[in-house]
Undergrad: 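Just dropping this structure here.
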Amino acid sequence: MSSADSFQPAPPPPDRRSISERAMPVRSYEGAANADYLEGLNAEQSDAVLTIDGPLLVLAGAGTGKTRVLTCRLAHILNTGRAYPSQILSVTFTNKAAREMRERVGGLIGQQVEGLPWLGTFHSIAAKILRIHAELVGLKSSFTILDTDDQIRLLKQVIKAADIDEKRWTGRYLAALIDSWKNKGLTPEKLSSKESYKFAEGKGAALYKTYQDRLKVLNACDFGDLLLHNLTLFMENPDVLKKYHQKFKYLLVDEYQDTNVCQYLWLRLLAQGSQNICVVGDDDQSIYGWRGAEVDNILRFEKDFPGAKVVKLERNYRSTEHILGAASGLIASNQDRLGKTLWTEDTGGHKVTVTGVWDAPAEARIVSDEIESWHYKGRKYNDVAILVRASRQMRSFEERFIQLGLPYRVIGGPRFFERLEIRDAHAYLRVLKSDTDDLAFERIVNTPKRGIGATTIQKLQQAARAMHISLEAATRELTKTDEIRGKARTALRAFILDIDRWRAEAKDIRHTEIAERILDESGYTQMWRDNKDAKSAGRLENLKELIQAMGEFDTLDAYLEHVSLVLDVEKGPQEDEVSLMTLHSAKGLEFPLVFLPGWEEGVFPSQKSMDENGLAGLEEERRLAYVGITRAREKAKIYFAANRQVYGSWQSSVPSRFIDELPIQHVDVETGTGQPASNRIAQDVARDFTSSFETARSQRASSPGWQRYEANKGKKYGRGPKEIEGHAIRRPAKKAVSEFKVGDRVFHQKFGYGRVTSADGNKLGVAFEKAGDKNVLDGFVDRA
DNA sequence: GCGCAGCCCATTTTT
DNA sequence: TGGGCTGCGC
């Protein structure tokens, strides 16, 4: 597809069906009784729903009704009697997606979904399968699932035991490596020496092996293992695989572009049975390459599954023409894509705006003014989202919102069960349940502080290893003798007695009550009550929520089983609040008004991403931009700052290349003048550009750069972006000539005085007297 | 064993 | 700039 014509939303594709096909009422589809759910689907959507046999790839662009298709398809398979609910495998990535799908299918066909036992996340389904056949991969079916934190702590021990410099080679890094290996479906045996050399001069594979052995001893799995053990299980036990071939008549995969190699192999093995695999995804929204997702999986689908049918959903029901035009134009700069063009009947609407601001506080000020004016017009805060590239960008917004009392919520961040206090509480519960859970025991043996230090714990570990017993058992042994003395011994003995008492009590009382009792009697809640830190109150709140969450399960075991894989605590009642989140966590969501701040080179696209992954990294960043814009239903507003504080020091910044890639006909450039004087935004822009140093104001106002800026701002681009030079908003064309030359003495608002050391178009290298060497746009410096 | 000062580093996040 | 970790001193 040529990129030029994709800037404009395409007209509706011709309906290629025959007259009789068109006349055919969908509800008369073979075997489908009472197929109300098929009504209102467009031609492509119903094609995707009705094609139930053989491999099918549904390329579902943003806002094209993907979930609807998925759920209708499920309903349709059930309704036509093609399969029982238990014969359909439907996988998603997140619990949220799984839950939504379950609810929506339920809405379509009622009761039957009760029996959709194989609808869930990759991990929960893999865990379910693994529990059934655990022995075949050397585990017991009661295995525990470790989270990242446990994983790292275990790896630290492994690294230490191997006598490797822990500072040079961290547990975190090895955890990331092992994760990436598991994502690729690599067991320690399959690891190339090149991969192994990524850690401690070739010790990677050996440590990986040791770690896996340790996990087996602990009867535990990490997240990656769930899928990887499944692969081993299926490949080493063809009879087991065959059983699942017979079982699953239909496979349904959501967000296929996010699958990693391991998940792909898993799906391919399972699909060998019926060949009825339907994957839904959008290559343009693949933004998880860094955690192992292979866009290639979706690009290659037709080759992997010969005879696969491809259905493209291109009609967008979410956004206006301009939003889609801007997003399509931007994504057209990517090379590796299957190529789709979204279109809509929703013509008109607002163009995407691009606004240049002075710095982050100004950005926050202008955005908050916009939000207030939106709210003043009677619109909801809930309809507004601010999407940033990195969470640190949230700060200036939060500060501003707090100052104004503007209600907001941060989406994402540490999840409920990843919080310190929740993990600690879980560790207590794990110890209650199992006397061999060393990781849990170690975590809480001195939390709250009982006077048991590293030395004591080391002694316990040594003893446990020597006697091949658990830490808890070793503790029992060592406190009987004089190995451990004094305060530590007393404390350990008391602790063991507590555990014994809790275990005895747990037999008779409800699990929520024993949990409360443990937190109380262990001194854990007291520890936070005594803590003066601002977060303590919140932690105590979270512990209350934990008890509440537990109450929703009948037993402690049921609760713990769900904790690691599916538990997420729903936020309380919906307040009317602005949402603040990263672009990544915005995927799948939509908002009438979307703010996209921080579109500057290095910030977005992220420098790190480009450094580490080159063009592929840049393209993923661009997809992220595409995801960002397509979240908007009515308005998308892009911002960039001329200066940004990075790691404490000020840097001048260059507008993101993505801004120049937006098709100009869908963009409005918003700046100070050219707007009515009563416009608050206009005033703000003017203020932002003049605030900091009043003294330098007259100087700057008379500089050529400023005058040119004044002349151009508010002007809308009639033609291609390259035709206007030196506008503050545009990245300068390469050949533009600056009126500054090497050696000129200049003044900059933030950096002070300096001398030009290089001039590349409008980009100047300046050696500032105080601030050091910086690259700045010439529009932001004045002749001194 | 604990608390504090200095040091180092610094995307994106789900299970 | 600021948060998290470490090592040192008590």
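The chains referred to below are lettered A, B, ... by the order of the sequence lines, with proteins before strands, and numbering in each begins at 1. Just so we're clear, the structure is a prediction, and the values are computed from it rather than from any experiment. Side chains included, hydrogens not; waters and symmetry mates left out as well; all remaining heavy atoms used.
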Undergrad: State whether A/Arg657 and A/Glu621 are salt-bridged, where the test is any N-O pair (Lys NZ or Arg NE/NH1/NH2 against Asp/Glu carboxylate O) under 4.0 Å.
TA: no
Undergrad: Under 5.5 Å between ring centres and under 30° between planes: does that hold for A/Tyr647 against the base of C/dT1?
TA: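 A/Tyr647 ring does not meet the centre or angle cut-off for C/dT1; no stack.
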Undergrad: Round to the nearest Å and state the distance from A/Asp147 atom CG to B/dT15 atom C1'.
TA: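 Interatomic distance, CG of A/Asp147 to C1' of B/dT15: 10 Å.
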Undergrad: If you compare every side-chain N and O of A/Ser585 against the phosphate oxygens of B/dT13 (OP1, OP2), does one of them come in below 4.0 Å?
TA: yes
Undergrad: Rounded to whole Å, how long is the line connecting atom CZ of A/Arg644 with atom P of C/dT1?
TA: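 Answer to the nearest Å: 17 Å.
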Undergrad: Hey, does A/Gln151 reach any base, or is it just sugar-phosphate, or nothing, if we go heavy atoms under 4.0 Å?
TA: nothing
Undergrad: Check the side chains of A/Glu600 and A/Gln651 for a donor-acceptor pair under 3.5 angstrom, ignoring hydrogens and angles.
TA: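 Distance-only check fails for A/Gln651 and A/Glu600.
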Undergrad: Checking all strands, does A/Glu621 fall into the base, sugar-phosphate, or nothing category for heavy-atom contacts under 4.0 angstrom?
TA: base
Undergrad: Just the rounded figure in Å: distance from P of B/dT12 to CG of A/Asp179.
TA: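 About 17 Å, once rounded to whole Å.
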Undergrad: Quick one about A/Asp424 and A/Thr447 (side-chain donor to acceptor, distance below 3.5 Å, no hydrogens or angles considered), yes or no?
TA: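 Absent: no donor and acceptor within the cut-off.
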Undergrad: Nearest of C/dG2, B/dT13, B/dT15 to any side-chain atom of A/Asn95?
TA: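 Selected nucleotide: B/dT15.
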Undergrad: Pick base, sugar-phosphate or nothing for A/Asp222, based on heavy-atom distances below 4.0 Å to the nucleic acid.
TA: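 The answer is nothing, as A/Asp222 stays clear of every strand by at least 4.0 Å.
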Undergrad: A/Thr121 near the nucleic acid: base, sugar-phosphate alone, or nothing, with a heavy-atom cut-off under 4.0 Å?
TA: sugar-phosphate
Undergrad: What is the separation between atom CZ on A/Phe417 and atom P on B/dT13, rounded to the nearest whole Å?
TA: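 Distance check: A/Phe417 CZ to B/dT13 P gives 15 Å.
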Undergrad: Expressed in whole Å, how much space separates the P atoms belonging to B/dT11 and C/dG4?
TA: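 That atom pair is separated by 12 Å.
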Undergrad: Measure the CG-OG distance between A/Leu560 and A/Ser142 for me, rounded to the nearest 0.5 Å.
TA: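 Answer for the CG-OG pair, A/Leu560 versus A/Ser142, is 12.0 Å.
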Undergrad: What's the closest nucleotide to the A/Thr455 side chain, out of B/dG1, B/dT15, B/dT14?
TA: B/dG1
Undergrad: Counting any heavy atom closer than 4.0 Å, what does A/Thr148 reach on the DNA or RNA strands: base, sugar-phosphate only, or nothing?
TA: base
Undergrad: Do A/Arg389 and B/dT12 have a side chain to base donor-acceptor pair shorter than 3.5 Å?
TA: yes
Undergrad: In whole angstroms, how far is the P atom of C/dT1 from the CH2 atom of A/Trp650?
TA: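 Interatomic distance, CH2 of A/Trp650 to P of C/dT1: 11 Å.
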Undergrad: Determine the contact category for A/Arg450: base if any of its heavy atoms lies under 4.0 Å from a base atom, sugar-phosphate if only primed atoms, P, OP1 or OP2 are that close, otherwise nothing.
TA: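 Nothing: the residue A/Arg450, judged by heavy atoms under 4.0 Å, touches no strand.
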Undergrad: Whether the A/Tyr211 and A/Asp222 side chains hold a donor-acceptor pair (N or O, under 3.5 Å, no angle test) is what I'd like checked.
TA: yes
Undergrad: Could you state the atom-to-atom distance from CE of A/Met394 to P of B/dA10 in whole Å?
TA: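 Between P of B/dA10 and CE of A/Met394: 20 Å.
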Undergrad: Rounded to the nearest 0.5 Å, what's the gap from CG on A/Asn260 to CG on A/Leu227? Could you check?
TA: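 Spacing of CG (A/Asn260) from CG (A/Leu227) equals 6.5 Å.
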Undergrad: Where the side chain of A/Thr456 is concerned, which of B/dG1, B/dT11, B/dT13 is the nearest nucleotide?
TA: B/dG1
Undergrad: Would you mind telling me which residue lines up with the more 5' stretch of DNA chain B, A/Phe93 or A/Gly648, judged by nearest nucleotide?
TA: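 In this pair, the answer is A/Gly648.
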Undergrad: Taking only N and O in the side chain of A/Ser391, is any of them less than 4.0 Å away from OP1 or OP2 of B/dT11?
TA: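 No, A/Ser391 has no side-chain N/O under 4.0 Å of OP1/OP2 on B/dT11.
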Undergrad: Does B/dC2 have OP1 or OP2 under 4.0 Å away from a side-chain N or O of A/Asn446?
TA: yes
Undergrad: Quickly work out the A/Leu387 CG to B/dT12 C1' distance and round it to whole Å.
TA: 13 Å
Undergrad: For a quick check of understanding: with a heavy-atom distance under 4.0 Å over all strands, which category does A/Ser609 fall into, base, sugar-phosphate or nothing?
TA: base
Undergrad: In terms of side-chain geometry, is the basic nitrogen of A/Glu103 or A/Arg99 positioned less than 4.0 Å from the acidic oxygen of its partner?
TA: no
Undergrad: Output the rounded distance in Å from NZ (A/Lys449) to P (B/dG1).
TA: 11 Å
Undergrad: Between A/Arg392 and B/dA10, is there a side-chain N or O to OP1/OP2 distance below 4.0 Å?
TA: no
Undergrad: With P as the reference atom in both, quote the distance from B/dT12 to C/dC5 in angstrom, rounded to an integer.
TA: 16 Å
Undergrad: Using a heavy-atom cut-off of under 4.0 Å over every strand shown, decide if A/Glu418 touches base, sugar-phosphate, or nothing.
TA: base
